[in-house]
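A quick write-up on the structure given underneath.
None of the values given here were measured: they were computed from a predicted structure. Letters A, B, ... are given to chains in the order of the sequence lines, protein chains preceding strands, and every chain is numbered from 1.
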There are 2 protein chains.
Amino acid sequence: MIHATNIIGNKWAPIIIYVLEERKLRFGQLVVFVEGISRKVLTEQLKELEQKKVVKRESFAEVPPRVEYSLTEWGKELLPILSQLCTWGAGISIDSDDEKNITIQKRV
Amino acid sequence: MIHATNIIGNKWAPIIIYVLEERKLRFGQLVVFVEGISRKVLTEQLKELEQKKVVKRESFAEVPPRVEYSLTEWGKELLPILSQLCTWGAGISIDSDDEKNITIQKRV
DNA sequence: AAAAATGGTAACCTCGATGTAACTAATGGG
DNA sequence: CCCATTAGTTACATCGAGGTTACCATTTTT
(Lines give C-alpha, C1' and ligand atoms only; values in the text may rest on other atoms or scores of the structure.)
Protein backbone atom coordinates (compact mmCIF):
# COMPACT_ATOMS: atom_id res chain seq x y z
CA MET A 1 0.00 0.00 0.00
CA ILE A 2 2.84 2.34 0.79
CA HIS A 3 4.07 1.89 -2.76
CA ALA A 4 0.66 2.48 -4.32
CA THR A 5 -0.04 5.60 -2.29
CA ASN A 6 3.42 6.88 -3.16
CA ILE A 7 2.30 6.77 -6.76
CA ILE A 8 -1.26 8.04 -6.63
CA GLY A 9 -1.05 9.92 -3.34
CA ASN A 10 -0.41 13.38 -4.68
CA LYS A 11 -2.55 16.15 -5.99
CA TRP A 12 -2.24 15.51 -9.73
CA ALA A 13 -1.21 11.93 -10.48
CA PRO A 14 -4.72 10.40 -10.31
CA ILE A 15 -6.08 13.15 -12.53
CA ILE A 16 -3.31 12.73 -15.09
CA ILE A 17 -3.89 8.99 -15.20
CA TYR A 18 -7.61 9.45 -15.53
CA VAL A 19 -7.21 11.98 -18.34
CA LEU A 20 -4.75 9.81 -20.26
CA GLU A 21 -7.05 6.82 -20.10
CA GLU A 22 -6.67 4.87 -23.37
CA ARG A 23 -5.23 7.61 -25.57
CA LYS A 24 -1.97 9.35 -26.31
CA LEU A 25 -1.78 13.04 -25.42
CA ARG A 26 0.84 15.67 -26.09
CA PHE A 27 2.30 17.84 -23.37
CA GLY A 28 0.35 20.87 -24.49
CA GLN A 29 -2.91 18.92 -24.52
CA LEU A 30 -2.28 17.65 -21.03
CA VAL A 31 -1.75 21.20 -19.78
CA VAL A 32 -5.25 21.97 -21.05
CA PHE A 33 -7.04 18.77 -20.00
CA VAL A 34 -5.55 18.70 -16.52
CA GLU A 35 -7.12 21.98 -15.54
CA GLY A 36 -5.17 24.18 -13.22
CA ILE A 37 -1.85 22.37 -13.35
CA SER A 38 1.26 24.41 -14.09
CA ARG A 39 3.69 23.36 -16.80
CA LYS A 40 6.42 22.88 -14.27
CA VAL A 41 4.43 20.56 -12.05
CA LEU A 42 3.08 18.65 -15.05
CA THR A 43 6.65 18.09 -16.21
CA GLU A 44 7.64 16.82 -12.79
CA GLN A 45 4.64 14.55 -12.43
CA LEU A 46 5.08 13.05 -15.88
CA LYS A 47 8.75 12.40 -15.18
CA GLU A 48 7.87 10.72 -11.93
CA LEU A 49 5.09 8.62 -13.45
CA GLU A 50 7.38 7.66 -16.30
CA GLN A 51 10.08 6.57 -13.91
CA LYS A 52 7.53 4.53 -12.00
CA LYS A 53 6.51 2.83 -15.24
CA VAL A 54 2.96 4.10 -15.13
CA VAL A 55 3.31 6.45 -18.07
CA LYS A 56 5.13 5.99 -21.38
CA ARG A 57 6.83 8.92 -23.09
CA GLU A 58 7.50 9.08 -26.84
CA SER A 59 9.55 11.94 -28.15
CA PHE A 60 9.66 12.86 -31.84
CA ALA A 61 12.60 14.89 -33.11
CA GLU A 62 10.53 17.30 -35.18
CA VAL A 63 10.32 21.06 -35.27
CA PRO A 64 8.42 22.22 -33.38
CA PRO A 65 9.00 19.26 -31.05
CA ARG A 66 6.34 16.65 -30.36
CA VAL A 67 6.10 14.46 -27.27
CA GLU A 68 3.33 11.97 -26.66
CA TYR A 69 2.33 10.52 -23.34
CA SER A 70 0.23 7.42 -22.71
CA LEU A 71 -0.35 4.85 -19.98
CA THR A 72 1.70 1.67 -19.81
CA GLU A 73 -0.17 -1.62 -19.48
CA TRP A 74 0.49 -1.50 -15.79
CA GLY A 75 -0.83 2.03 -15.62
CA LYS A 76 -4.01 1.01 -17.38
CA GLU A 77 -4.67 -1.56 -14.68
CA LEU A 78 -5.09 1.35 -12.34
CA LEU A 79 -8.09 2.73 -14.22
CA PRO A 80 -10.78 0.39 -12.82
CA ILE A 81 -9.43 0.92 -9.30
CA LEU A 82 -9.53 4.69 -9.68
CA SER A 83 -13.03 4.31 -11.01
CA GLN A 84 -14.10 2.41 -7.89
CA LEU A 85 -12.43 5.00 -5.72
CA CYS A 86 -14.37 7.65 -7.57
CA THR A 87 -17.67 5.84 -7.05
CA TRP A 88 -16.91 5.33 -3.39
CA GLY A 89 -15.97 8.97 -2.94
CA ALA A 90 -19.26 10.05 -4.46
CA GLY A 91 -21.25 7.84 -2.08
CA ILE A 92 -23.49 9.82 0.23
CA SER A 93 -22.63 9.08 3.80
CA ILE A 94 -25.88 8.30 5.54
CA ASP A 95 -26.52 10.43 8.58
CA SER A 96 -28.05 7.63 10.58
CA ASP A 97 -27.56 7.84 14.32
CA ASP A 98 -25.27 4.86 14.59
CA GLU A 99 -22.78 6.58 12.36
CA LYS A 100 -22.64 9.69 14.49
CA ASN A 101 -20.43 10.33 17.45
CA ILE A 102 -21.63 8.51 20.48
CA THR A 103 -20.58 9.56 23.93
CA ILE A 104 -21.38 6.96 26.49
CA GLN A 105 -21.50 8.17 30.03
CA LYS A 106 -20.23 5.55 32.39
CA ARG A 107 -19.35 6.24 35.97
CA VAL A 108 -16.88 3.99 37.68
CA MET B 1 -12.21 11.22 -7.59
CA ILE B 2 -11.25 14.54 -6.15
CA HIS B 3 -13.29 13.72 -3.10
CA ALA B 4 -11.81 10.28 -2.68
CA THR B 5 -8.24 11.45 -3.01
CA ASN B 6 -8.96 14.22 -0.56
CA ILE B 7 -9.74 11.52 1.94
CA ILE B 8 -7.08 8.91 1.29
CA GLY B 9 -4.51 11.17 -0.34
CA ASN B 10 -2.33 11.89 2.63
CA LYS B 11 0.47 10.11 4.36
CA TRP B 12 -1.43 8.39 7.14
CA ALA B 13 -5.12 7.99 6.31
CA PRO B 14 -4.82 4.78 4.25
CA ILE B 15 -2.65 3.19 6.92
CA ILE B 16 -5.05 4.14 9.70
CA ILE B 17 -7.97 2.70 7.75
CA TYR B 18 -6.05 -0.45 6.99
CA VAL B 19 -5.05 -0.91 10.61
CA LEU B 20 -8.56 -0.34 11.93
CA GLU B 21 -10.02 -2.92 9.57
CA GLU B 22 -12.94 -4.66 11.36
CA ARG B 23 -11.99 -3.90 14.94
CA LYS B 24 -12.19 -1.14 17.50
CA LEU B 25 -8.91 0.33 18.68
CA ARG B 26 -8.06 2.82 21.38
CA PHE B 27 -5.99 5.88 20.73
CA GLY B 28 -2.98 4.42 22.48
CA GLN B 29 -3.19 1.22 20.46
CA LEU B 30 -3.37 3.19 17.23
CA VAL B 31 -0.21 5.08 18.14
CA VAL B 32 1.53 1.72 18.38
CA PHE B 33 -0.01 0.02 15.34
CA VAL B 34 0.43 2.98 13.02
CA GLU B 35 4.21 2.94 13.32
CA GLY B 36 5.96 6.26 13.24
CA ILE B 37 2.94 8.52 13.59
CA SER B 38 3.04 11.20 16.27
CA ARG B 39 0.20 11.60 18.73
CA LYS B 40 -0.54 15.05 17.42
CA VAL B 41 -0.88 13.98 13.81
CA LEU B 42 -2.87 10.90 14.78
CA THR B 43 -5.30 13.14 16.64
CA GLU B 44 -5.66 15.39 13.62
CA GLN B 45 -6.11 12.55 11.17
CA LEU B 46 -8.70 10.83 13.32
CA LYS B 47 -10.62 14.08 13.68
CA GLU B 48 -10.57 14.56 9.94
CA LEU B 49 -11.60 10.99 9.17
CA GLU B 50 -14.35 11.25 11.75
CA GLN B 51 -15.65 14.44 10.20
CA LYS B 52 -15.61 12.77 6.80
CA LYS B 53 -17.67 9.90 8.23
CA VAL B 54 -15.03 7.28 7.58
CA VAL B 55 -14.19 6.68 11.21
CA LYS B 56 -16.47 6.44 14.24
CA ARG B 57 -15.32 7.70 17.61
CA GLU B 58 -16.70 6.49 20.92
CA SER B 59 -15.61 8.28 24.02
CA PHE B 60 -16.16 6.82 27.50
CA ALA B 61 -16.20 9.20 30.43
CA GLU B 62 -13.97 7.08 32.62
CA VAL B 63 -10.76 7.83 34.44
CA PRO B 64 -8.33 7.32 32.92
CA PRO B 65 -10.21 8.22 29.75
CA ARG B 66 -11.04 5.64 27.08
CA VAL B 67 -11.73 6.40 23.44
CA GLU B 68 -12.42 3.77 20.83
CA TYR B 69 -12.09 4.21 17.10
CA SER B 70 -13.58 2.03 14.37
CA LEU B 71 -14.57 2.29 10.73
CA THR B 72 -18.07 3.33 9.73
CA GLU B 73 -19.91 1.14 7.22
CA TRP B 74 -18.88 3.55 4.53
CA GLY B 75 -15.28 3.37 5.67
CA LYS B 76 -15.34 -0.41 5.55
CA GLU B 77 -16.30 -0.25 1.89
CA LEU B 78 -12.90 1.25 1.29
CA LEU B 79 -11.06 -1.85 2.50
CA PRO B 80 -11.41 -3.96 -0.68
CA ILE B 81 -10.38 -0.98 -2.79
CA LEU B 82 -7.31 -0.35 -0.68
CA SER B 83 -6.55 -4.03 -0.94
CA GLN B 84 -6.65 -3.87 -4.73
CA LEU B 85 -4.47 -0.78 -4.70
CA CYS B 86 -2.02 -2.66 -2.53
CA THR B 87 -1.94 -5.61 -4.91
CA TRP B 88 -1.49 -3.32 -7.86
CA GLY B 89 1.32 -1.44 -6.13
CA ALA B 90 3.13 -4.70 -5.46
CA GLY B 91 2.95 -5.72 -9.13
CA ILE B 92 6.37 -5.97 -10.72
CA SER B 93 6.58 -3.66 -13.70
CA ILE B 94 7.92 -5.72 -16.56
CA ASP B 95 11.00 -4.25 -18.17
CA SER B 96 9.99 -5.19 -21.68
CA ASP B 97 11.17 -2.85 -24.40
CA ASP B 98 7.75 -1.54 -25.30
CA GLU B 99 7.40 -0.18 -21.80
CA LYS B 100 10.64 1.74 -21.95
CA ASN B 101 11.17 5.21 -23.28
CA ILE B 102 11.17 5.29 -27.02
CA THR B 103 12.79 8.11 -28.93
CA ILE B 104 11.84 8.09 -32.54
CA GLN B 105 14.10 10.03 -34.83
CA LYS B 106 12.19 11.61 -37.64
CA ARG B 107 13.61 14.27 -39.88
CA VAL B 108 11.26 16.68 -41.61
C1' DA C 1 12.90 41.58 -37.67
C1' DA C 2 9.81 39.83 -34.87
C1' DA C 3 6.28 36.75 -33.37
C1' DA C 4 4.33 32.10 -32.82
C1' DA C 5 4.47 27.37 -31.52
C1' DT C 6 6.36 23.47 -28.59
C1' DG C 7 8.32 21.36 -24.65
C1' DG C 8 10.50 22.28 -21.53
C1' DT C 9 14.19 24.49 -17.41
C1' DA C 10 15.90 27.67 -13.47
C1' DA C 11 15.32 30.62 -9.62
C1' DC C 12 12.46 31.84 -6.33
C1' DC C 13 8.43 31.84 -3.02
C1' DT C 14 4.34 30.10 -0.34
C1' DC C 15 1.72 27.23 2.29
C1' DG C 16 0.02 23.20 4.35
C1' DA C 17 1.34 18.85 6.22
C1' DT C 18 4.10 16.89 9.47
C1' DG C 19 7.32 16.50 13.53
C1' DT C 20 9.09 17.63 18.52
C1' DA C 21 8.79 18.73 23.13
C1' DA C 22 6.45 20.21 26.86
C1' DC C 23 2.12 20.74 29.06
C1' DT C 24 -2.94 19.64 30.75
C1' DA C 25 -6.97 17.20 33.50
C1' DA C 26 -8.62 13.65 36.44
C1' DT C 27 -7.93 10.02 39.60
C1' DG C 28 -5.75 5.87 41.95
C1' DG C 29 -1.74 3.90 44.17
C1' DG C 30 2.54 3.95 47.03
C1' DC D 1 2.94 14.38 48.14
C1' DC D 2 4.45 12.53 43.94
C1' DC D 3 4.08 9.49 40.18
C1' DA D 4 1.64 6.83 36.60
C1' DT D 5 -1.98 6.47 33.14
C1' DT D 6 -4.79 8.15 29.10
C1' DA D 7 -6.01 11.14 25.54
C1' DG D 8 -5.11 14.70 24.11
C1' DT D 9 -3.43 20.20 23.30
C1' DT D 10 -0.15 24.09 22.51
C1' DA D 11 3.67 26.35 20.68
C1' DC D 12 6.99 26.17 18.09
C1' DA D 13 10.27 24.30 13.89
C1' DT D 14 10.83 21.96 9.45
C1' DC D 15 10.16 20.10 5.08
C1' DG D 16 8.61 19.34 0.65
C1' DA D 17 4.85 19.79 -2.80
C1' DG D 18 3.21 22.93 -5.56
C1' DG D 19 2.93 27.65 -7.80
C1' DT D 20 4.88 31.96 -10.45
C1' DT D 21 7.57 34.15 -13.53
C1' DA D 22 10.93 34.48 -16.74
C1' DC D 23 13.79 32.29 -19.99
C1' DC D 24 15.78 28.85 -23.82
C1' DA D 25 16.20 26.43 -28.59
C1' DT D 26 14.48 25.68 -33.03
C1' DT D 27 12.07 26.59 -37.17
C1' DT D 28 8.05 28.61 -39.82
C1' DT D 29 5.11 32.36 -40.58
C1' DT D 30 4.07 37.36 -41.01
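- With rounding to whole Å, B:E62 atom CD is found 13 Å from D:dG8 atom P.
- Between C:dT9, D:dG18, D:dT27, one nucleotide has an atom nearer to the side chain of A:T43 than all others, and that is C:dT9.
- Side-chain proximity of B:V67 to D:dT26, C:dT6, D:dA7: nearest is D:dA7.
- Residues that satisfy the salt bridge (Lys or Arg N to Asp or Glu O under 4.0 Å) test with B:K24, not counting sequence neighbours, are B:E58.
- Under the 4.0 Å criterion applied to side-chain N and carboxylate O atoms, A:K56 and A:E50 are not assigned as salt-bridge partners.
- Residue A:L46 holds its CG atom at 5.0 Å from OH of A:Y69, rounded to the nearest 0.5 Å.
- Remark: P of D:dA17 and CG of B:N10 are 14 Å apart, rounded to the nearest angstrom.
- The stretch residues 13-32 of chain B has no heavy atom under 4.0 Å from DNA chain C, so no residue of it qualifies as close.
- Candidate nucleotides C:dG8, D:dG8, C:dT18 were compared by shortest atom distance to the side chain of B:V41, and C:dT18 ranks first.
- If you measure from atom CD of A:E48 to atom C1' of D:dG18, you get 12 Å, rounded to the nearest angstrom.
- A heavy-atom distance below 4.5 Å is found between the side chains of B:V34 and B:W12.
- Close to D:dA17, at under 4.0 Å from its OP1 or OP2, lies no side-chain N or O of B:K11.
- Between B:E44 and B:K47 no salt bridge is recorded (no basic side-chain N to carboxylate O distance below 4.0 Å).
- For C:dA17, neither phosphate oxygen OP1 nor OP2 lies less than 4.0 angstrom from any side-chain nitrogen or oxygen of B:Q45.
- One hydrophobic cluster, built from ILVMFWY side chains closer than 4.5 Å, holds both A:L79 and A:F33.
- Using a 30° and 60° split on the angle between ring planes, B:W88 and A:W74 fall in the parallel class, below 30°.
- Counting only distance, with no hydrogens or angles, the side chain of B:S59 and the backbone of B:V67 share no donor-acceptor pair below 3.5 Å.
- For A:P64, counting side-chain heavy atoms from C-beta on, the closest listed nucleotide (C:dG19, D:dG8, C:dT6) is C:dT6.
- Recorded end-axis angle for the helix from C:dA1-D:dT30 to C:dG30-D:dC1 stands at 30°, based on five pairs per end and rounded to 10 degrees.
- Proximity of A:R57 to the phosphate of C:dG8: a side-chain N or O atom is located under 4.0 Å from OP1 or OP2.
- In this structure, B:L42 places its CG atom 16 Å from P of C:dA17, rounding to the nearest Å.
- Summary of the strand contacts: A:K47 and B:E44 both lie near DNA chain C, and taking for each the nucleotide with the nearest heavy atom, the more 5' one is attributed to A:K47.
- Going from atom CZ of B:R66 over to atom C1' of D:dA7 covers 13 Å, rounded to whole Å.
- The B:R39 side chain lies nearest to D:dG8 when the options are C:dG19, D:dG8, D:dT6.
- Note that the CD1 atom of B:I7 and the CD atom of B:E48 stand 9.0 Å from one another [nearest 0.5 Å].
- Residue contacts for A:E68: at a heavy-atom cut-off of 4.0 Å it reaches no nucleic acid atom on any strand shown.
- Regarding B:F60, its CZ atom lies at a distance of 16 Å from the P atom of D:dT6, rounded to whole Å.
- Contact annotation for B:K40: base contact, defined as any heavy-atom pair under 4.0 Å involving a base atom.
- At a threshold of 4.0 Å, the pair A:E68-A:R66 counts as salt-bridged, since one of the basic side-chain nitrogens sits closer than that to a carboxylate oxygen.
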